[in-house]
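Only one structure is covered here, and it is reproduced in the block below.
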2 protein chains.
Amino acid sequence: MTAQRETEPQSRIPLSRDRVLRGAVAVADEGGLDTLTMRNLAEALGVEAMSLYYHVANKEALLDGVAEVIVGEVLAEAETVEGPAPEEDWKTAMRLRILAARQVMLRHRWAPYLIETRTTMNPALLHYYHGLLEIWRRAGFSYDLAHHAMHALGSRALGFTQELFEPAPGSDDESVTDEMFEKMADQLPYLVEMLGEISHDDPETTIGWCDDQTEFEFGLDLLLDGLEQRRLTG
Amino acid sequence: MTAQRETEPQSRIPLSRDRVLRGAVAVADEGGLDTLTMRNLAEALGVEAMSLYYHVANKEALLDGVAEVIVGEVLAEAETVEGPAPEEDWKTAMRLRILAARQVMLRHRWAPYLIETRTTMNPALLHYYHGLLEIWRRAGFSYDLAHHAMHALGSRALGFTQELFEPAPGSDDESVTDEMFEKMADQLPYLVEMLGEISHDDPETTIGWCDDQTEFEFGLDLLLDGLEQRRLTG
DNA sequence: ACCTGAACACCGTTCAAGT
DNA sequence: ACCTGAACACCGTTCAAGT
């Protein structure tokens, strides 16, 4: 019972808020958000569960911290992007930042769920949105329009969208589509016809909830184009 | 311990899946999703917790069922809408349906969270989206564009969006804005200036996560206008 | 200052048993 | 067929105690 440490080498380094949070990210990366329990995290850090409470107020605070770590990653990623000057091509500048942010979400597929779940303020998030705001301002947006724009983009600004239905994780949904097709046909004719016509090409490039890159970019461009339109007719 | 029933009159009506689900909605309406536990729900129905398992496989299945009840409400609401024919004015037709759906979300503020949380298929959801699909088709959308449109709208089609930061529920956030203003001023100049300029008018008409009607309609119209543009440019 | 053991209240759930 | 009592494994968390 004693010799089975998951992280042996740093076991003697004293705990710290930072180590706790990064440990939590590691646990979630490995086993998903469900496996991120206080007891589990403690074990991964080679420590008792109650020790965590010295560095973090409670589980909510832990999750807030984890969300901030992830958005911090997003921020760092966005900062490295080399794009056009917002004054010349704000859409491309913003697009590149957001697609960079998306890369972080693809690395941590549980993160979208976590981020949407947090309701408390997040400094890193503020900084990230400030970066977008700067782009809009330098592109000539009024604060009023830029504010609407932030709300309109929502979580898409961070590189993800929450899909409403999807092939259940693990099950390859073929059975459902094949079997229920006739029963659906008369009740949901348009859907059936659509599914017949659509060739859902790249099923492997999906983020958390069946949100693949093509759909993400379509929605993103739709919004960016629309915002540019609003700016011009301003 | 025996005489404190919350729902006394129907206590003798035998349980049923339907009664369980509607009971769950009632519990969530009253105390939020956190209070919807098996034991809690059982008590509200005047029954032991284990009895629920006869009508519902487990808690996940219960929550799936609750989501379906809510989307069923949305569907019913949307069906009563009297709008223009899609062939003549699809945007208004769809807009009215979606704003009707939003009314349901305003009645059950925990529902957006629940719905975004469910990943399994939901027949009611399928029917609702089928209704939107019909509108697009009758308006001349290709299936390909209509499919993109469904993804682009996402949960907005159901009348809600998930806001990323908001004044924490219960706390009136004034303290934060006032106190940290100077510290933010040099790090987040655009945000500070924006907040100074924006008059956040109607703070009481907010859904779940600081998503007020104005912002919702702005984002919705942005998307609908953009889709119409895409339809015209083929 | 930092970590821990024992204990508490609360989950979802199983299973054998009641009517 | 429908409901229940007792029990289990697992949570987050408190609190007094250790070093």
Side-chain angles (χ1 to χ4, degrees), chain A residues 1-8 10-24 27-28 30-67 110 113-114 117-120, chain B residues 1-8 10-24 27-28 30-67 110 113-114 117-120:
Chain A
M1 289 291 186
T2 24
Q4 45 173 0
R5 282 235 182 74
E6 251 133 323
T7 25
E8 319 154 38
Q10 303 120 313
S11 292
R12 287 299 76 192
I13 299 178
L15 234 48
S16 67
R17 182 181 153 82
D18 203 67
R19 240 165 69 74
V20 168
L21 296 184
R22 282 188 291 109
V27 168
E30 202 165 333
L33 266 185
D34 298 334
T35 70
L36 179 53
T37 68
M38 299 303 266
R39 285 169 166 86
N40 239 340
L41 173 55
E43 195 189 359
L45 292 166
V47 114
E48 289 312 305
M50 304 77 205
S51 309
L52 301 174
Y53 286 88
Y54 191 85
H55 299 96
V56 109
N58 49 39
K59 183 155 191 197
E60 283 299 292
L62 172 72
L63 294 178
D64 286 343
V66 171
W110 46 270
Y113 180 95
L114 176 70
T117 284
R118 304 293 87 201
T119 60
T120 55
Chain B
M1 289 288 186
T2 25
Q4 45 173 359
R5 284 237 181 72
E6 248 133 326
T7 25
E8 319 153 38
Q10 301 121 309
S11 295
R12 288 298 77 191
I13 299 178
L15 233 46
S16 67
R17 183 180 153 82
D18 203 67
R19 239 165 69 74
V20 168
L21 296 184
R22 282 187 291 109
V27 168
E30 200 164 334
L33 266 186
D34 299 334
T35 70
L36 180 53
T37 68
M38 299 302 267
R39 285 169 165 86
N40 237 342
L41 171 56
E43 194 190 358
L45 291 167
V47 114
E48 288 313 303
M50 304 77 203
S51 308
L52 301 174
Y53 286 87
Y54 190 86
H55 299 96
V56 110
N58 49 36
K59 184 153 189 197
E60 283 300 292
L62 172 73
L63 293 178
D64 286 343
V66 171
W110 45 270
Y113 180 95
L114 175 71
T117 283
R118 302 293 88 201
T119 61
T120 56

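Residue Ser51(B) places at least one side-chain N or O under 4.0 Å from the OP1 or OP2 atom of dT4(D). Between His55(B) and dC3(D) there is a side-chain N or O to OP1 or OP2 distance below 4.0 Å.
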Taking only distance into account, with no hydrogens and no angle test, what donor-acceptor pairs under 3.5 Å do side-chain atoms of residues 34-41 of chain B form with protein atoms, sequence neighbours excluded?
residue	atom	partner	partner atom	Å
Thr35(B)	OG1	Gly32(B)	O	2.8
Thr37(B)	OG1	Asn40(B)	N	3.0
Asn40(B)	ND2	Thr35(B)	O	2.7

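If you take CG of Leu52(B) and P of dA1(D), they are 19 Å apart, rounded to a whole angstrom. The distance from atom CD of Glu48(B) to atom C1' of dG18(C) is 13 Å, rounded to the nearest whole Å.
In this structure, the side chain of His55(B) engages the main chain of Leu15(B) through a donor-acceptor pair within 3.5 Å.
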Full working for side chain to side chain contact (heavy atoms under 4.5 Å, CB included) between Leu33(A) and Tyr113(A):
CA-CA 9 Å; Leu33(A) 266 185; Tyr113(A) 180 95; 3.6 Å; yes
For Watson-Crick and G-U wobble pairs within 3.5 Å on both distances, what is DNA chain C written in dot-bracket notation, | included for inter-strand pairing?
||.|||||...|||||.||
How would you summarise protein contacts on nucleotides 9-16 of chain D per nucleotide, using B for base, S for sugar-phosphate only and - for none, with heavy-atom distances below 4.0 Å?
--BBBB--
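In this structure, CG on Asp64(B) lies 7.5 Å from OG1 on Thr119(B), to the nearest 0.5 angstrom. In this structure, CG on Leu52(A) lies 12.5 Å from CZ on Arg17(A), to the nearest 0.5 angstrom.
Evaluation of the side chain to side chain donor-acceptor pair (under 3.5 Å) rule for Asp18(B) yields Arg22(B) as partners, not counting sequence neighbours. A search for side-chain contact (heavy atoms from CB on, under 4.5 Å) contacts involving Ala61(B) returns Ala57(B), Asn58(B), not counting sequence neighbours.
Residue pairs satisfying the salt bridge (charged side-chain N to carboxylate O under 4.0 Å, His left out) criterion with at least one member in residues 48-62 of chain B, sequence neighbours excluded, are listed as follows: Glu60(B)-Arg118(B).
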